[in-house]
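To start, the structure itself, in structure tokens.
This chain uses plain numbering: 1 for the first residue, then up along the sequence. When reading the values below, keep in mind they use all heavy atoms of this one structure, side chains included, and skip hydrogens, waters and symmetry mates.
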Amino acid sequence: MKLLKIILCIIVFAIAGYSLWTDEFGTIPILLLAAGLMTLVSGIIELQEKRKLNAYLSFLSAGFCIFVCVYIFFS
């Protein structure tokens with residue numbers, strides 16, 4: 001799980017860096033999806049470590065990121 005979180009974190013940083021470097025903001029929905037998945041994995045890790053409040057907050061923020069990503073894709 002932690003390896004998946006690190007991979008998603010690298011993807012988020014790479015997409016954000018690319019977006020800032022090239023001034024192309026069409027990659028923002030992909031960035032939000034990757035950030036949402038990273039936060040979801042973080043919530044699962046927190047839940048396994050018995051930190052329920054942090055896990056629930058991570059799930060809420062992951063849901064919000066994924067909702068905004070889907071909203072942008074279909075608008």
Side-chain angles (χ1 to χ4, degrees):
M1 262 312 171
K2 290 187 180 188
L3 180 65
L4 182 62
K5 182 181 173 184
I6 292 170
I7 291 170
L8 286 169
C9 189
I10 291 170
I11 290 171
V12 167
F13 280 119
I15 294 171
Y18 171 78
S19 180
L20 287 173
W21 185 266
T22 62
D23 288 333
E24 161 127 16
F25 298 110
T27 58
I28 297 299
I30 298 167
L31 175 71
L32 280 172
L33 180 64
L37 291 175
M38 182 182 66
T39 311
L40 183 69
V41 170
S42 177
I44 292 171
I45 291 170
E46 293 289 330
L47 197 61
Q48 288 175 347
E49 294 177 358
K50 306 291 188 215
R51 291 185 272 193
K52 290 185 179 183
L53 181 63
N54 291 341
Y56 295 145
L57 290 174
S58 293
F59 290 144
L60 282 173
S61 60
F64 180 73
C65 284
I66 293 171
F67 171 75
V68 170
C69 172
V70 170
Y71 182 78
I72 291 172
F73 272 137
F74 290 114
S75 66

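Put simply, Ile6 and Ile44 are part of two different groups of oily side chains (I, L, V, M, F, W, Y) that touch within less than 4.5 Å, one to the next. In this structure, Tyr18 is not a member of the same hydrophobic cluster as Val12, with clusters built from ILVMFWY side-chain heavy atoms closer than 4.5 Å. At a threshold of 4.5 Å between side-chain heavy atoms, the hydrophobic network of Ile, Leu, Val, Met, Phe, Trp and Tyr places Met1 and Tyr56 in one connected group. Cluster membership check: Phe25 does not share its hydrophobic cluster with Trp21, using side-chain heavy-atom separations under 4.5 Å among Ile, Leu, Val, Met, Phe, Trp and Tyr. By the rule that hydrophobic residues join a cluster once side-chain heavy atoms approach within less than 4.5 Å of another member, Ile10 and Leu37 end up as members of separate clusters.
Pairing each heavy atom of Ile72 with each of Pro29, the nearest pair is CG2-CG, 3.4 Å. In plain terms, the two heavy atoms of Met38 and Lys5 that are nearest each other are CG-O, 4.2 Å. Contact record, Gly43 with Ala55: O-CB, 3.5 Å, taken as the closest heavy-atom pair. Residues Val41 and Leu4 approach most closely at CG2-CD2, 3.7 Å, considering heavy atoms. Scanning both residues, Cys69 and Leu32, for their nearest heavy atoms gives CB-CB, 4.1 Å. Minimum interatomic distance between Thr39 and Ser61 (heavy atoms only, all atoms of both residues): CG2-OG, 3.0 Å.
Leu3 CG to Leu8 CG: the interatomic distance, rounded to the nearest 0.5 Å, is 9.5 Å. Note that the CD atom of Glu46 and the CD atom of Gln48 stand 10.0 Å from one another [nearest 0.5 Å]. If you take CD1 on Ile66 and CG on Leu40, they are separated by 6.0 Å, rounding to the nearest 0.5 Å.
Between the side chain of Ser19 and the backbone N or O of Ile15, no donor-acceptor pair lies under 3.5 Å. Side-chain N or O atoms of Ser58 include one that pairs as donor or acceptor with a backbone N or O of Asn54 at under 3.5 Å.
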Please walk me through it: do Leu60 and Phe64 pass side-chain contact (heavy atoms from CB on, under 4.5 Å)? CA-CA 6 Å; Leu60 282 173; Phe64 180 73; over 6 Å; no
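Heavy-atom contacts from other residues, nucleotides or ligands closer than 6.0 Å to CZ of Phe73 number more than 12.
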